[in-house]
Amino acid sequence: MHTATPAGTQHTAEHFRLDGAGITSIMLIFDGTLWQAMLAMMGQAPPDTAAAKPAR
């Protein structure tokens, strides 16, 4: 994933959920360490990781 931020390009993993009609959901997984440091520099608290997870 390429971003126009100081985090730059990050390796990611994608998890696709399928049914007979096609893709029903996509989950993008990446290491958020660079994002936490960037948010701290901006004076913002990183999001609560438990709240950021999608409901199942």
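Numbers for residues simply follow the sequence, beginning at 1.
Counting all heavy atoms, side chain and backbone alike, Phe30 lies closest to His11 at CB-O, 3.9 Å.
The distance from the CG atom of Leu18 to the OG1 atom of Thr24 is 6.5 Å, given to the nearest 0.5 Å. Here CZ of Phe16 is found 5.0 Å from CD1 of Ile23. Values are rounded to the nearest 0.5 Å. For the atom pair CE of Met27 and CZ of Arg17, the computed distance is 7.0 Å after rounding to the nearest 0.5 Å.
Taking the side chain as every heavy atom from C-beta outward, Met1 and Thr9 never approach each other to under 4.5 Å.
Not one N or O on the side chain of Thr12 forms a donor-acceptor pair closer than 3.5 Å with the backbone of Ile29.
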